[in-house]
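For reference, the structure discussed in these notes is given below.
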Amino acid sequence: MHADYMECTGLSILQAPTLLPGHRIRMAETDDVDIAAEFCREYSSYPYLLDHAAARREARALINSKALFFYEAKRGTEGHSAISMVVVGRNSANVASITKVFTRPDCRRMGYASRLLHHVCSHLLNEEGKSAVVSLVPSGNEAYKQLAMRIGFDRTTSGNEEWMEIGFEDVNMGHW
């Protein structure tokens with residue numbers, strides 16, 4: 001996978017989009033394993049495809065490590081329903097990385113991921129004291145690149161570095 005390395009800092013983060021009425025953002029909890037697993041499975045792609053069991057394992061690990069956030073909308077009398085997720089991973093003392101951004105296909109291009117990603121970045125920068133939030137933006141994924149730029153992600157201080165993930169065929173791969 002080829003990707004561009006981008007970062008967001010306290011100086012680059014842009015104005016927060018308004019949370020819509022009846023909507024909320026929250027950290028995933030133990031009871032969210034099923035919906036988190038569904039999102040993880042739908043997010044996965046070749047060669048890192050997740051089956052149901054692997055998606056549940058990943059969801060549990062992300063929830064237990066407090067790395068998964070949901071954007072939810074109130075759906076009639078049924079309560080809130082998860083629409084979008086952001087996963088934070090690969091943390092150091094000063095830097096956190098966004099490793100997954102996913103929105104249900106029927107809810108895309110409505111600003112949910114933008115609101116969620118902005119909230120998570122603000123939380124990491126302001127409440128957890130990170131100096132930067134970074135993300136690998138897959139080459140050719142213009143939708144995610146534009147989303148990241150609307151939040152305040154930009155080229156790294158050393159320039160817009162290009163990264164390449166190297167994999168091996170016919171091995172038992174993990175999933176990150």
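All values below come from the heavy atoms of this structure, side chains included, with hydrogens, waters and symmetry mates left out.
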Rounded to the nearest 0.5 Å, what separation is found between the CG atom of Leu117 and the CZ atom of Arg150? 10.0 Å
Measure the spacing between OG of Ser135 and CD1 of Ile151 and express it to the nearest 0.5 Å. 11.0 Å
Val120 reachable from Leu20 in the ILVMFWY side-chain graph, under 4.5 Å edges: yes
Taking the six-membered ring for Trp and the full ring for Phe, Tyr or His, determine whether the centres of Tyr112 and His23 are under 6.0 Å apart. yes
Any chance you could measure His118, atom NE2, to His123, atom NE2, to the nearest 0.5 Å? 14.0 Å
Could you give all pairs that pass the salt bridge (charged side-chain N to carboxylate O under 4.0 Å, His left out) test and reach residues 104-115, with sequence neighbours left out? Glu38-Arg104
Nearest 0.5 Å please: distance from the CD1 atom of Ile83 over to the OG1 atom of Thr103. 8.5 Å
Provide the full list of ring-ring contact (aromatic ring centres under 6.0 Å, His included) pairs with a residue in residues 89-108, sequence neighbours left out, each pair given once. Phe39-Phe102
Step by step, would you call Val134 with Ile98 a side-chain contact (heavy atoms from CB on, under 4.5 Å)? CA-CA 6 Å; Val134 298; Ile98 302 298; over 6 Å; no
What do the steps show when you test Lys130 against Asn91 for side-chain contact (heavy atoms from CB on, under 4.5 Å), and what is the final call? CA-CA 9 Å; Lys130 302 295 183 186; Asn91 282 310; 4.1 Å; yes
Please give me the minimum heavy-atom distance between Ala96 and Val88, naming the atom from each residue. CB-CG1, 4.0 Å
Measure the CG-CD1 distance between Leu124 and Ile13 for me, rounded to the nearest 0.5 Å. 9.0 Å
Would you say CD of Glu127 has more than 12 non-hydrogen atoms from neighbouring residues, nucleotides or ligands within 6.0 angstrom? yes
Run the salt-bridge test on Arg41 and Asp51 with the 4.0 Å N-O cut-off and return the result as yes or no. no
Checking Phe153 against Val137 for the side-chain contact (heavy atoms from CB on, under 4.5 Å) test, could you report, in this order, the C-alpha distance in whole Å, the side-chain angles of both residues, the deciding distance, and whether it holds? CA-CA 10 Å; Phe153 281 85; Val137 179; over 6 Å; no
Is it the case that one hydrophobic cluster holds both Val101 and Leu14, taking links as side-chain heavy atoms less than 4.5 Å apart, direct or via other members? no
The reported gap from CZ in Arg26 to NE2 in His119 (rounded to nearest 0.5 angstrom) is 11.5 Å
What do the steps show when you test Phe70 against Ile25 for side-chain contact (heavy atoms from CB on, under 4.5 Å), and what is the final call? CA-CA 6 Å; Phe70 284 126; Ile25 293 172; over 6 Å; no
Between Ala132 and Thr9, the two heavy atoms sitting closest are CB-CG2, 4.1 Å
Shared-cluster residues of Ile63, by chain and number - hydrophobic side chains joined below 4.5 Å: Val33
